[in-house]
**Q** 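Take this structure, written in structure tokens, and hold onto it; I'll ask about it next.
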Amino acid sequence: MAYWLFKTEPEELSIDDLAAEPARSFVWDGVRNYQARNFLRDQVQLNDLVFIYHSSCQPPGIAGIARISRAAYPDPAQFEPTSPYFDAKAKPEAPRWIAVDVQFTQKFARFVPLDKLKKSSTLIEMPLVRKGNRLSVMPVTAAQWQFIVSLTT
DNA sequence: GCCAACGTTGGC
DNA sequence: GCCAACGTTGGC
């Protein structure tokens, strides 16, 4: 079992959206970066746990936890011409982009803002807090995971 | 809405 | 296969 952090714009999909339908699997689609795609395709496994990070909002930070309810499969949006995630170069027999499904696990009692994460020496290696890093799917070590969870109660 | 960082594209 | 131009991300 591994740990991850996924970024989402809460206006698109937030921890509250997940919490509103806790039995539902949500498609995590639209990842269009190869490094992030490779994590989804090669390493993210069923039942792995995921920090849900809210980006492009005020304040940005980690809002809760989801669980991987379906491992890698071709992102359907790449084949959908009306989707903003459509990719004309992707073919069903040779998909380029990968989706997973997530299911709500927990909303933190205390939101963990990015500025707090940046102050921690425990997290200094996380891509999230590195200047200019835009990776939207990243691994989290067990030590980082436990430290962040400890900030939420 | 600005802009730094950085990945991708395409001309050569 | 180099690299300049371009586009996107995402905090500020």
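Hydrogens, waters and symmetry mates play no part in the numbers below; they use all other heavy atoms, side chains included. Residue numbers start from 1 in every chain, and the chains themselves are labelled A, B, ... in the order their sequence lines are given, proteins ahead of strands.
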**Q** Check every atom of C:dT8, C:dG10, C:dG11 against the side chain of A:Lys7 and return the nucleotide holding the closest atom.
**A** C:dG10
**Q** Per the atom types in the model, does the base of C:dT8 pair as donor or acceptor with the side chain of A:Arg134 at under 3.5 Å?
**A** yes
**Q** Rounding to a whole Å, what distance do you find between A:Leu135:CG and C:dG11:C1'?
**A** 16 Å
**Q** Take atom CH2 of A:Trp97 and atom P of B:dG7, then tell me their distance rounded to the nearest Å.
**A** 13 Å
**Q** Check whether any side-chain heavy atom of A:Asp48 lies under 4.5 Å from a side-chain heavy atom of A:Trp4, and answer yes or no.
**A** yes
**Q** Is A:Lys131 near enough to B:dA4 that one of its side-chain N or O atoms lies under 4.0 angstrom from OP1 or OP2?
**A**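 No.
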**Q** For the pair A:Asp75 and A:Arg32, find out whether any cationic side-chain nitrogen is under 4.0 Å from an anionic carboxylate oxygen.
**A** yes
**Q** Is it the case that A:Arg37 places NZ or CZ above or below the six-membered ring of A:Phe39, under 6.0 angstrom from the centre and within 45 degrees of the axis?
**A**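 Negative - A:Arg37 is either too far from the ring of A:Phe39 or too far off its axis.
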**Q** Rounded to whole angstroms, how far apart are CE on A:Met126 and P on C:dG11?
**A**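 Those two atoms, CE and P, are 13 Å apart.
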**Q** Mind calculating the distance between CZ (A:Arg130) and P (C:dG11) to the nearest angstrom?
**A**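 From A:Arg130 CZ to C:dG11 P: 16 Å.
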**Q** A:Tyr34 has an atom OH; how far is it from atom C1' of B:dC6, in whole Å?
**A**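 The distance from OH of A:Tyr34 to C1' of B:dC6 comes to 15 Å, rounded to the nearest Å.
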**Q** What is the distance from CD of A:Glu9 to P of C:dG11, rounded to the nearest Å?
**A**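 Taking CD of A:Glu9 and P of C:dG11, I get 9 Å after rounding.
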**Q** Taking atom C1' of C:dG10 as reference, at what distance in whole Å does atom CG of A:Leu117 sit?
**A**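 Result: 15 Å.
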**Q** What is the separation between atom CD on A:Gln35 and atom P on B:dT8, rounded to the nearest whole Å?
**A**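 Taking atom P of B:dT8 as the reference, CD of A:Gln35 is at 9 Å.
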**Q** Are the side chain of A:Gln35 and the backbone N or O of A:Leu135 linked by a donor-acceptor pair below 3.5 Å?
**A** no
